[in-house]
Each structure stands twice: as structure tokens, then as C-alpha cells.
Amino acid sequence: MKKNQILLVEDNEGDIVLTSEAFEECGCKTNIQVARNGKEAINILFDQSDDAQLPDLILLDINLPLLNGHEVLKKIKENEKTQYIPVVILTTSSAISDINLTYENFANSFITKPADINDFFETINSLSNYWFNICKLPAKK
């Protein structure tokens, strides 16, 4: 069974570890690549050779150094190479302005990170089940 490729764009080391552990616990076969700022995410996505494997799913925080999540999302969705990759905003924000702006820029989902660790693990389990078992992802170009 192939591993699902995830690009996690997150600058908080604790959240990186927690997210990785949550995917591991839910039994989802994933390969998680981490970008710790918006510029690094853009470099990973666009500075690859044509035969490099793009992620199946991008988990994107909003509050990032160098380029924020809104800027990264806009670049992803404007580019023909990456526009069909599902992007899930996974952030501490619950501001309606952030929610609206991410959907205006064609995010596929907006999730506010639960503060409780058990709720966070349940959220990642549900996210994994939905994106990798229930829905059909687009074919890679």
C-alpha cells in the first residue's frame, strides 16, 4: 500500500511532533514532509524537478514566518502545477476574517486546532479518514 504524501507547513515544533504522532496513532500510512515557514513551503512545491512527487495533501498553518499561510495558499492555488492539491488550513485561529480569506483563496477546508490533545488526535484521525479513505483525490499532473 502506498504512503500518502503530506506537506505539513508549520513553524511550531510542538505542533509538528503532535501532528506526526497523531497520524502515526491513527494508522494512516503517511510520509510527512515539513516546511517550517511559508518560503520553505513554496520552495518545496515549486523548486522541484518535473518528476518529483508532489504531496497528496497540504496541511497549512496561517501564522508563519517569511510568507504567511494566506500568501502560500494563494500561490498554491494560482499555479497550474499545484492548484488541484487539497489544502487544509490547520491553525489556532478561529477568526472569521481568516476563515473567509482562506475560502476566498480556494482552501479545501479550515480547521481550528483543538487545544485538548485527545480532541486534536481525534481531529487528525477524522481528517485522515476523510482525505485518504472517503474522498477521491485528483490525479497528479
Side-chain angles (χ1 to χ4, degrees), residues 1-117 119-141:
M1 180 180 209
K2 113 178 175 40
K3 285 189 173 186
N4 297 301
Q5 303 298 314
I6 296 174
L7 176 59
L8 173 62
V9 188
E10 173 62 66
D11 63 323
N12 182 299
E13 202 60 41
D15 286 347
I16 292 168
V17 170
L18 194 62
T19 303
S20 298
E21 287 177 0
F23 273 104
E24 204 171 291
E25 185 175 289
C26 76
C28 182
K29 304 291 184 208
T30 59
N31 181 31
I32 299 175
Q33 183 173 16
V34 178
R36 287 176 170 76
N37 62 61
K39 189 166 175 46
E40 187 178 347
I42 294 302
N43 289 341
I44 288 169
L45 291 167
F46 298 116
D47 291 348
Q48 298 184 25
S49 63
D50 287 338
D51 61 343
Q53 186 169 6
L54 288 169
D56 297 305
L57 179 69
I58 299 171
L59 302 180
L60 178 61
D61 191 14
I62 290 177
N63 301 309
L64 297 167
L66 303 181
L67 289 174
N68 68 40
H70 295 295
E71 294 167 310
V72 173
L73 175 62
K74 191 168 176 136
K75 288 182 184 293
I76 291 168
K77 293 303 182 177
E78 287 176 344
N79 188 284
E80 187 177 303
K81 177 180 173 183
T82 57
Q83 68 185 357
Y84 296 112
I85 301 171
V87 178
V88 174
I89 304 301
L90 185 61
T91 185
T92 56
S93 174
S94 59
I96 198 73
S97 59
D98 280 333
I99 295 167
N100 288 343
L101 185 55
T102 59
Y103 284 116
E104 286 170 20
N105 287 313
F106 305 104
N108 297 87
S109 186
F110 187 103
I111 298 172
T112 300
K113 294 175 191 171
D116 178 81
I117 191 167
D119 291 342
F120 184 83
F121 273 61
E122 187 176 312
T123 296
I124 294 298
N125 185 49
S126 296
L127 180 147
S128 172
N129 187 47
Y130 176 76
W131 286 105
F132 299 127
N133 295 325
I134 296 172
C135 82
K136 300 294 183 207
L137 295 173
K140 294 185 180 180
K141 291 189 169 199

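Computed from heavy atoms alone, side chains included, the values below leave out hydrogens, waters and symmetry copies.
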Determine the sole option in Ile89, Asn63, Ile62, Thr112 for which the side chain to side chain contact (heavy atoms under 4.5 Å, CB included) test with Asp98 is passed.
-> Ile62

Below 4.5 Å, heavy atoms only, C-beta onward: do Phe110 and Asn100 meet side chain to side chain?
-> no

State, to 0.1 Å, how close Pro65 and Asn37 come at their nearest heavy-atom pair, and which atoms those are.
-> O-CB, 3.3 Å

Expected output: side-chain Asn129 to main-chain Asn125 donor-acceptor under 3.5 Å = no

For the residue pair Ala107 and Leu73, what are the closest heavy atoms and their distance?
-> CB-CD2, 3.8 Å

Gln5 versus Asn31, side-chain donor and acceptor atoms under 3.5 Å | yes

Does OH belonging to Tyr103 count more than 12 external heavy atoms closer than 6.0 Å?
-> yes

Measuring from Glu10:CD to Leu64:CG, what's the distance to the nearest 0.5 Å?
-> 7.0 Å

Is the backbone of Ile76 close enough, under 3.5 Å, to the side chain of Thr82 for a donor and an acceptor to pair up by distance?
-> yes

Yes or no on side-chain contact (heavy atoms from CB on, under 4.5 Å) for Leu137 and Phe132, after CA distance, side-chain angles and deciding distance?
-> CA-CA 8 Å; Leu137 295 173; Phe132 299 127; 4.1 Å; yes

Can you name the closest pair of heavy atoms from Pro114 and Asp119 and give their distance?
-> CB-CB, 3.6 Å

Just jot down the side chain to side chain donor-acceptor pair (under 3.5 Å) partners of Thr19, sequence neighbours excluded, or say none.
-> none

So with a 6.0 Å cut-off around NZ of Lys77, is the heavy-atom count from everything else above 12?
-> yes

Over all atoms of both residues, closest heavy-atom pair of Leu57 and Leu59 | CD2-CD2, 4.0 Å

After noting the C-alpha distance and the side-chain angles of Trp131 and Asn108, does the key distance pass the side-chain contact (heavy atoms from CB on, under 4.5 Å) rule?
-> CA-CA 11 Å; Trp131 286 105; Asn108 297 87; 3.8 Å; yes

Interatomic distance, Lys39 atom NZ to Ile42 atom CD1 [nearest 0.5 angstrom] = 9.0 Å

Leu18 and Phe121: CA distance, side-chain angles, deciding distance, side-chain contact (heavy atoms from CB on, under 4.5 Å) verdict | CA-CA 8 Å; Leu18 194 62; Phe121 273 61; 3.4 Å; yes

Nearest 0.5 Å please: distance from the CG atom of Leu45 over to the CD1 atom of Ile85.
-> 6.0 Å

Heavy-atom pair with the smallest gap, counting every atom of Lys3 and Asp56 = O-OD2, 4.2 Å

Counterpart residues, side-chain contact (heavy atoms from CB on, under 4.5 Å), relative to Glu71 (two or more places apart) | Leu67, Asn68

Checking Ser128 side chain against Ile124 main chain: does a donor-acceptor pair fall under 3.5 Å?
-> no

Any idea which heavy atoms bring Gly38 and Val72 closest together, and the distance?
-> CA-CG2, 3.5 Å

Distance-only, no hydrogens or angles: does the Lys113 side chain make a donor-acceptor pair with backbone N or O of Asp61 under 3.5 Å?
-> no

Judged by atom type as modelled, is there a donor-acceptor pair below 3.5 Å linking the side chain of Thr30 to the main-chain atoms of Ile32?
-> no

Phe120 side, atom CZ; Leu127 side, atom CG - distance, nearest 0.5 Å = 9.0 Å

